Enquirer: 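Can you read through this structure? Questions will come right after.
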Amino acid sequence: MNSYQIDEKLKPILNQMHQTGVKLNVDFLNNFSQKIGLKILKLESEIYNAVGHKFNLNSPSQLAKVLYEELKIKPGQSGIKRKKTHHSTSAESLGKIEKLHPSIKQILKYRELAKLKNTYLDPLPKLVDQNSRLHTTYMVDTSTGRLSSKNPNLQNIPIRTDIGKEIRKAFVAENGYKLLAADYSQIELRIAAHFSGDKTMIDAFKEGKDIHRTTAEELGVDRRTAKTVNFGILYGVSSYGLSESLRIPPEDAQALIDKYFLTFPKLAKYIQETIQKAQSNGYVETLYGRRRYIPELQSPIERLRKFGERVAINTPIQGTAAEIIKLAMIEISRKVFSIEKLVSSIDIQNTSHKILDTDSVKLILQIHDELVFEVKEEKIKEVAEIVRDSMENVVKLSVPIIVDLRVGKNWREIESI
DNA sequence: GATCGGCGCCAC
DNA sequence: AAACGTGGCGCCGATC
Ligand SMILES: Nc1nc2c(ncn2[C@H]2C[C@H](O)[C@@H](COP(=O)(O)OP(=O)(O)OP(=O)(O)O)O2)c(=O)[nH]1
Ligand SMILES: [Mn+2]
Ligand SMILES: [Mn+2]
């Protein structure tokens with residue numbers, strides 16, 4: 001099986017997922033939107049009061065004028081980047097000047113709430129069908145082989161903040177069903193361990209270690225930030241970039257990068273070898289032979305060449321992760337289908353708890369390394385077993401592949417099993 | 001009214 | 001001058 005054949009077998013499954021859709025609690029989202037809407041109005045008027053006049057808060061250009069001209073906040077002094085048109089008003093930049101004016105904290109809060117309302121709370125209810133189900137379209141056309149999801153994108157539903165995460169409560173199972181969510185553990189780190197053969201990292205995974213957690217504890221940050229560190233370093237983050245995301249001096253960031261590659265020495269070697277091979281071939285390859293050509297490697301412009309090198313490292317790993325989950329989707333659908341066929345051929349009443357069929361288990365979402373199923377409550381145990389076994393064993397690497405399974409009535413309140 | 005680049009931000 | 005990678009989408013301001 002090569003990457004092309006994988007995608008061909010996947011297509012009918014993606015079509016089925018599109019047709020099935022996911023059930024949305026529309027009333028919940030509408031209520032939530034009203035509440036957030038009131039908070040937004042309040043913040044707006046407080047901000048206009050604080051700066052002395054109204055303006056369009058959604059316009060970065062107008063906001064930059066207010067902050068950096070009227071309020072005379074010195075962007076250069078605070079290390080705020082100049083964009084093409086004006087100085088940046090990104091959350092990262094505003095964070096640096098938060099203490100210089102009382103309105104800035106409120107602007108950040110406004111941005112957070114407006115984002116949730118305009119991107120999720122208001123658009124999603126408008127897109128449901130008569131059965132309150134939402135039908136995203138999955139595409140297979142990204143440069144690494146990952147899927148993408150659009151109209152609406154259901155691969156970027158908030159999870160980081162408590163308030164954002166509430167939105168996941170709106171993704172619910174039908175009556176008599178539960179959601180089963182299965183997410184690969186540290187997936188791209190495992191693939192990096194496999195490709196590089198780094199003994200330290202391989203042993204860590206064989207011992208069941210959680211490298212994201214270890215990084216989090218060492219740095220005193222949350223686990224999501226630790227992912228940014230671990231993947232950032234693996235994929236070529238600069239000391240400057242790392243210093244920005246951790247809010248530490250570049251020297252300290254460089255020390256972290258050095259330590260990372262001292263801890264995992266063969267990772268550094270693998271990176272160099274992969275870049276060299278990409279330069280001589282002109283392309284890189286995933287585990288199942290998907291190729292990505294990287295013309296940037298030949299560019300006379302250093303910035304582009306460096307970008308090409310990072311692409312050369314990232315693509316085989318991210319692309320292989322995509323292939324693994326695609327194979328799992330194919331395998332799971334094959335198993336459910338063959339059990340269903342077996343059952344109908346021997347004409348058993350479909351009541352035994354041992355029996356599965358396409359009405360008992362529906363694959364409804366794919367979020368890069370996570371699958372979400374809607375499963376008849378009485379079949380959760382059997383389905384969970386098949387899902388775990390398929391996802392963990394459909395591909396064999398030199399490290400174990402582990403899946404984290406959770407069950408619940410909605411996508412927010414799911415408990416590990 | 002549609003389209004586009006820029007900015008910004010959500011997720012993995 | 002840049003400064004982990006992969007996406008989709010909302011809003012603004014310019015343009016047609
Ligand atoms: N380059 C890069 N890749 C990322 C980033 N965040 C996530 N990914 C990729 C690599 C991850 O292995 C993969 C799946 O994301 P997850 O959020 O599930 O994290 P991961 O599986 O590593 O850890 P987990 O044990 O599931 O919490 O997506 C990031 O910030 N940068
Ligand atoms: Mn994961
Ligand atoms: Mn995940």
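Naming convention: chains lettered A, B, ... in sequence-line order (proteins, then strands); numbering from 1 in each chain. Here the structure is a predicted model, which means the values were calculated and not measured.
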Enquirer: Taking donor-acceptor contacts at under 3.5 Å, does the side chain of A:Lys83 reach the base of B:dC7?
Expert: no
Enquirer: For A:Asp404 and B:dC12, what is the distance between atoms CG and P respectively, to the nearest whole Å?
Expert: 13 Å
Enquirer: Are side-chain heavy atoms of A:Ile364 and A:Met17 found at a separation under 4.5 Å?
Expert: no
Enquirer: Side chains of A:Tyr110 and A:Leu57, heavy atoms from C-beta outward: is any pair under 4.5 Å?
Expert: yes
Enquirer: Take the C1' atoms of the five end pairs on each side of the helix from B:dG1-C:dC16 to B:dC12-C:dG5, get both axes, and report the angle to 10 degrees.
Expert: 10°
Enquirer: Using the side chain to side chain donor-acceptor pair (under 3.5 Å) criterion, which residues pair with A:Asp359? Sequence neighbours excluded.
Expert: A:Tyr177, A:Lys376
Enquirer: Just to verify, which of A:Val399, A:Asn393, A:Val394 counts as forming a side chain to side chain contact (heavy atoms under 4.5 Å, CB included) with A:Lys396?
Expert: A:Asn393
Enquirer: Out of C:dG7, B:dC7, B:dA11, which nucleotide sits closest to the side chain of A:Pro158?
Expert: B:dA11
Enquirer: Measure from NZ on A:Lys165 to P on B:dA11 and round the result to the nearest Å.
Expert: 11 Å
Enquirer: Hey, does the side chain of A:Thr119 come within less than 4.0 Å of C:dC9's phosphate (OP1/OP2), counting only N and O?
Expert: no
Enquirer: How many Å lie between CG on A:Asn153 and P on C:dC9, as a whole number?
Expert: 6 Å
Enquirer: Just by protein heavy atoms under 4.0 Å, how would nucleotides 1-6 of chain C read 5' to 3' in B, S and -?
Expert: -SBBBB
Enquirer: I need the CG-C1' distance between A:Leu116 and C:dG8, as an integer number of Å.
Expert: 16 Å
Enquirer: Only one of A:Lys335, A:Glu385, A:Arg334 passes side-chain hydrogen bond (donor to acceptor under 3.5 Å, both in side chains) with A:Ser390; say which it is.
Expert: A:Lys335
Enquirer: Please list residues of residues 89-108 of chain A whose heavy atoms come under 4.0 Å from any atom in DNA chain B, ordered by number; otherwise none.
Expert: A:Thr89, A:Ser90, A:Ala91
Enquirer: Please give, in whole Å, the distance from B:dC12 P to A:Tyr138 OH?
Expert: 13 Å
Enquirer: Whole angstrom is fine here: how far is it from CG in A:Leu124 over to C1' in C:dG10?
Expert: 13 Å
Enquirer: Side chains of A:Glu112 and A:Thr161: closer than 4.5 Å at any heavy-atom pair?
Expert: yes
Enquirer: How long is the line joining OH of A:Tyr68 and P of B:dC7, in whole Å?
Expert: 13 Å
Enquirer: Distances for protein N/O vs nucleotides 12-14 of chain C N/O pairs under 3.5 angstrom?
Expert:
unit_1, atom_1, unit_2, atom_2, d
C:dC12, OP1, A:Asn56, OD1, 3.3
C:dC12, OP1, A:Asn56, ND2, 2.7
C:dC12, O3', A:Ser59, OG, 3.2
C:dG13, OP1, A:Ser59, OG, 2.7
C:dG13, OP1, A:Gln62, NE2, 3.0

Enquirer: Which of residues 264-278 of chain A sit near DNA chain C, with a heavy atom under 4.0 Å from it?
Expert: none
Enquirer: Can you see whether A:Asn151 engages A:Thr137 through a side-chain donor-acceptor pair at a distance of less than 3.5 angstrom?
Expert: no
Enquirer: Tell me, please, which residues at least two apart from A:Arg190 pass side chain to side chain donor-acceptor pair (under 3.5 Å).
Expert: A:Ser185
Enquirer: Contact between A:Phe28 and A:Lys169 at the side-chain level, heavy atoms closer than 4.5 Å - yes or no?
Expert: yes
Enquirer: Given side chains that start at C-beta, do those of A:Leu180 and A:Val372 come closer than 4.5 Å, heavy atoms only?
Expert: no
Enquirer: Between C:dA2 and B:dG6, how far is it from one P atom to the other, in whole Å?
Expert: 13 Å
Enquirer: So, does A:Ser88 get its side chain near the phosphate of B:dC7, meaning an N or O under 4.0 Å from OP1 or OP2?
Expert: no
Enquirer: Only pairs under 3.5 Å count here: list side-chain donor-acceptor contacts from residues 294-305 of chain A, not counting sequence neighbours, and write none if there are none.
Expert:
unit_1, atom_1, unit_2, atom_2, d
A:Ser299, OG, A:Ile301, N, 2.9
A:Arg305, NH1, A:Ser299, O, 3.0
A:Arg305, NH1, A:Pro300, O, 3.3

Enquirer: For residues 407-417 of chain A, pull every pair meeting salt bridge (Lys or Arg N to Asp or Glu O under 4.0 Å), keeping only residues two or more places apart or in separate chains.
Expert: A:Glu166-A:Arg412
Enquirer: Would you indicate what A:Ile159 reaches in the nucleic acid, counting non-hydrogen atoms under 4.0 angstrom: base, sugar-phosphate, or nothing?
Expert: sugar-phosphate
Enquirer: Write down the distance between CD (A:Glu166) and P (B:dC10), rounded to a whole number of angstrom.
Expert: 17 Å
Enquirer: Using a cut-off of less than 4.0 Å, is there contact between a side-chain N or O of A:Asn118 and OP1 or OP2 of C:dC11?
Expert: yes
Enquirer: With a 4.5 Å heavy-atom cut-off, do A:Ile6 and A:Tyr4 have their side chains touching?
Expert: no
Enquirer: Counting just side-chain N and O atoms, does A:Arg111 come under 4.0 Å of either OP1 or OP2 of B:dC9?
Expert: yes
Enquirer: Identify, residue by residue, the members of residues 6-28 of chain A with a heavy atom below 4.0 Å from DNA chain B, and return them in order of residue number, or none.
Expert: none
Enquirer: When you measure from the side chain of A:Ser149 to the backbone of A:Leu154, do you find a donor-acceptor pair of N or O atoms at a distance under 3.5 Å?
Expert: yes
Enquirer: Just say parallel, tilted or perpendicular for the rings of A:Phe231 and A:Tyr235, cut-offs at 30° and 60°.
Expert: parallel
Enquirer: With heavy-atom distances below 4.5 Å as the criterion, would you say the side chains of A:Arg223 and A:Asp210 are in contact?
Expert: yes
Enquirer: Using ring pair (Phe, Tyr, Trp, His ring centres under 6.0 Å) as the criterion, list what pairs up with A:Tyr48, not counting sequence neighbours.
Expert: A:Phe55
Enquirer: Does A:Asp162 CG have over 12 foreign heavy atoms under 6.0 Å away?
Expert: no
Enquirer: Find out whether A:Glu309 and A:Gln272 are in side-chain contact, i.e. whether some heavy atom of one side chain is under 4.5 Å from a heavy atom of the other.
Expert: no
Enquirer: Let me have the donor-acceptor pairs involving side chains of residues 282-293 of chain A, under 3.5 Å, with sequence neighbours excluded, atom names and distances please.
Expert:
unit_1, atom_1, unit_2, atom_2, d
A:Tyr283, OH, A:Arg291, NH2, 3.4
A:Glu285, OE2, A:Arg291, NE, 2.9
A:Glu285, OE2, A:Arg291, NH2, 3.4
A:Thr286, OG1, A:Gly289, N, 3.4
A:Thr286, OG1, A:Arg290, N, 2.9
A:Thr286, OG1, A:Glu323, OE1, 3.3
A:Thr286, OG1, A:Glu323, OE2, 2.5
A:Arg290, NH2, A:Thr142, O, 2.9
A:Arg292, NH1, A:Thr315, OG1, 3.1

